[in-house]
Amino acid sequence: MAPAQLLGRFAALGLSPAGPGGAAAAQYQPPPRRSHAHSAGSRFPRQGRAAEMAAQKINEGLEHLAKAEKYLKTGFLKWKPDYDSAASEYGKAAVAFKNAKQFEQAKDACLREAVAHENNRALFHAAKAYEQAGMMLKEMQKLPEAVQLIEKASMMYLENGTPDTAAMALERAGKLIENVDPEKAVQLYQQTANVFENEERLRQAVELLGKASRLLVRGRRFDEAALSIQKEKNIYKEIENYPTCYKKTIAQVLVHLHRNDYVAAERCVRESYSIPGFNGSEDCTALEQLLEGYDQQDQDQVSEVCNSPLFKYMDNDYAKLGLSLLVPGGGVKKKAAAPPQATPEGHAAPATEDEEDEYAGGLC
């Protein structure tokens with residue numbers, strides 16, 4: 001019950017408000033309601049604090065830049081610049097600018113850091129700085145320029161003798177550019193696969209080749225895709241992952257049929273008989289049915305095979321190839337010859353003029 005109603009009750013009953021609960025009721029003041037304007041206004045100090053912190057970080061970054069420039073200066077008693085200390089200050093400046101979301105200034109600081117490390121012959125740290133500069137460009141949505149810097153960093157990693165780090169940088173660059181420039185992404189993935197293959201890390205290499213193959217198929221660059229899938233298949237065979245070899249054979253056949261090259265598709269299946277366990281497998285049977293239907297221009301049979309779970313649950317790009325596969329000649333299914341109809345007298349109807357008589361020219 002509200003305090004005002006309690007006071008009214010006490011007055012009606014002739015009681016003093018100082019009785020049990022009366023003092024509390026007389027002293028009670030309801031809290032004032034917070035208006036929407038007050039709530040909205042409370043957010044402005046937060047924004048002000050954020051701007052103040054950003055300005056503080058920018059000033060911090062400028063101080064580190066000034067210190068770095070001092071380390072690079074030479075004089076009568078200092079003949080050689082202190083590249084190591086300058087690089088450290090440039091790195092601190094880059095972090096401060098990044099925290100203030102000043103990505104252009106952070107990128108410039110990273111590039112200066114990289115040059116300082118190069119002058120100090122610290123290739124690994126220079127590569128790291130170039131890679132960080134690429135990440136700043138990524139934040140600015142300048143992806144092609146970001147990829148160029150990351151590629152430069154990967155070459156320095158290789159020169160420094162750290163191929164694993166180089167491969168990871170190249171893969172990261174491929175992921176950045178994949179949706180913008182698939183052709184460049186294919187090149188980067190193939191370079192990464194070559195680095196891993198040279199280091200005899202075949203599982204990582206074949207994984208990157210698979211990414212390149214799928215991008216090639218997506219771009220309908222079927223000639224290059226066929227070669228890439230063949231390379232995948234060879235590596236899987238080398239590491240004795242035979243079931244995946246079967247799947248790659250299916251992908252190969254689909255790509256060759258989309259190239260309208262039935263001979264190459266048939267050769268892929270024939271060569272795969274040498275892979276242990278392929279002959280008689282579900283994959284082999286399905287491919288034989290697919291090639292038979294394609295050769296006979298039987299679209300129904302081809303569609304039935306391509307809509308089977310074996311094909312539909314492949315990687316999405318290859319499943320789409322199967323669903324869009326059309327046989328040459330319009331895909332009209334051949335009709336079976338109709339049986340001869342009997343005449344009312346029980347004799348077979350004479351053959352039409354269009355039907356060929358197998359023995360018209362005699363037995364010889």
Side-chain angles (χ1 to χ4, degrees), residues 167 170-194 196-197 201-262 264-269 271-272 275 277-278 281-291 293-294 302-327:
L170 286 172
E171 183 180 3
R172 195 176 298 118
K175 289 178 180 177
L176 282 182
I177 203 72
E178 185 174 312
N179 295 326
V180 178
D181 189 352
E183 186 172 349
K184 181 64 176 178
V186 167
Q187 179 189 340
L188 291 167
Y189 288 146
Q190 289 173 338
Q191 287 178 3
T192 311
N194 288 336
F196 279 131
E197 194 172 359
R201 296 178 60 179
L202 298 182
R203 296 184 188 278
Q204 288 87 345
V206 78
E207 182 181 344
L208 271 298
L209 280 174
K211 290 184 177 182
S213 300
R214 290 191 291 275
L215 281 177
L216 289 168
V217 168
R218 204 174 303 166
R220 305 194 72 79
R221 295 160 61 186
F222 293 131
D223 291 347
E224 297 170 74
L227 295 174
S228 182
I229 295 170
Q230 181 62 50
K231 192 168 184 180
E232 280 186 80
K233 188 175 169 182
N234 291 340
I235 294 178
Y236 278 120
K237 191 173 180 180
E238 187 175 345
I239 62 178
E240 299 183 354
N241 188 342
Y242 300 128
T244 307
C245 288
Y246 310 160
K247 305 303 178 193
K248 294 304 169 184
T249 303
I250 294 177
Q252 272 186 305
V253 168
L254 289 172
V255 167
H256 284 311
L257 292 181
H258 272 273
R259 293 174 60 238
N260 297 318
D261 192 345
Y262 175 83
E266 189 179 30
R267 185 172 62 248
C268 282
V269 176
E271 289 174 352
S272 296
I275 300 173
F278 178 75
S281 67
E282 180 187 11
D283 306 76
C284 178
T285 304
L287 285 174
E288 289 172 348
Q289 292 174 354
L290 176 64
L291 291 175
Y294 191 89
V302 167
S303 298
E304 183 180 352
V305 174
C306 290
N307 277 285
S308 66
L310 183 64
F311 281 66
K312 286 177 70 175
Y313 296 127
M314 292 180 69
D315 287 324
N316 196 37
D317 295 298
Y318 300 126
K320 286 181 179 178
L321 284 186
L323 295 174
S324 61
L325 182 61
L326 298 175
V327 301

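Positions are given from 1 along the sequence. The shown structure was predicted, so the numbers you read here are calculated from the model rather than taken from an experiment.
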With no hydrogens and no angle check, do the side chains of K248 and S213 hold a donor and an acceptor under 3.5 Å apart? no
Main chain of S303, side chain of N307: is a donor-acceptor contact present, judged purely on distance under 3.5 Å? yes
Hey, is the main chain of E304 close enough, under 3.5 Å, to the side chain of S308 for a donor-acceptor pair? no
Restricting to pairs with a member in residues 227-247, which pass ring-ring contact (aromatic ring centres under 6.0 Å, His included), not counting sequence neighbours?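 Sorted pair list: Y246-F278.
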Of all heavy-atom pairs between [X] and [Y], which one has the smallest distance, and what is that distance?
X    : Y    : result
L291 : A265 : CD2-CB, 4.0 Å
L209 : A193 : CG-CB, 3.8 Å
L254 : C306 : CD2-SG, 4.5 Å

Could you pull out all residues at least two apart from R201 that satisfy side chain to side chain donor-acceptor pair (under 3.5 Å)?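 R201: side chain to side chain donor-acceptor pair (under 3.5 Å) contacts with D164.
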Quick one: list whatever passes side chain to side chain donor-acceptor pair (under 3.5 Å) with Y294, sequence neighbours left out. none
With sequence neighbours left out, write down each residue that passes salt bridge (Lys or Arg N to Asp or Glu O under 4.0 Å) with [X], or none if nothing qualifies.
X    : result
E197 : K231
K237 : none
E207 : none

Only counting residues at least two apart or in another chain, list the ones meeting side-chain contact (heavy atoms from CB on, under 4.5 Å) with [X].
X    : value
A251 : I229, M314, Y318
E288 : Y273, C284
N234 : Q230
K247 : D283, L310

Report the residues that fulfil ring pair (Phe, Tyr, Trp, His ring centres under 6.0 Å) with H258, sequence neighbours left out, ordered by chain and then residue number.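 In terms of ring pair (Phe, Tyr, Trp, His ring centres under 6.0 Å), with neighbours along the sequence ignored, H258 is linked to F222.
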What I'd like to find out is whether the side chain of R267 reaches to under 4.5 Å of the side chain of H256, using heavy atoms alone. no
Would you check if Y262 and L257 make a side-chain contact, meaning some heavy-atom pair closer than 4.5 Å? yes
Show every salt bridge (charged side-chain N to carboxylate O under 4.0 Å, His left out) that has at least one partner inside residues 305-325, sequence neighbours left out.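 Sorted pair list: R214-D315, R218-D317.
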Taking 4.0 angstrom as the limit, do K211 and E178 come out as a salt bridge?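 Salt bridge: no.
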Is R259 atom CZ crowded by more than 12 heavy atoms from other residues, nucleotides or ligands, each under 6.0 Å away? yes
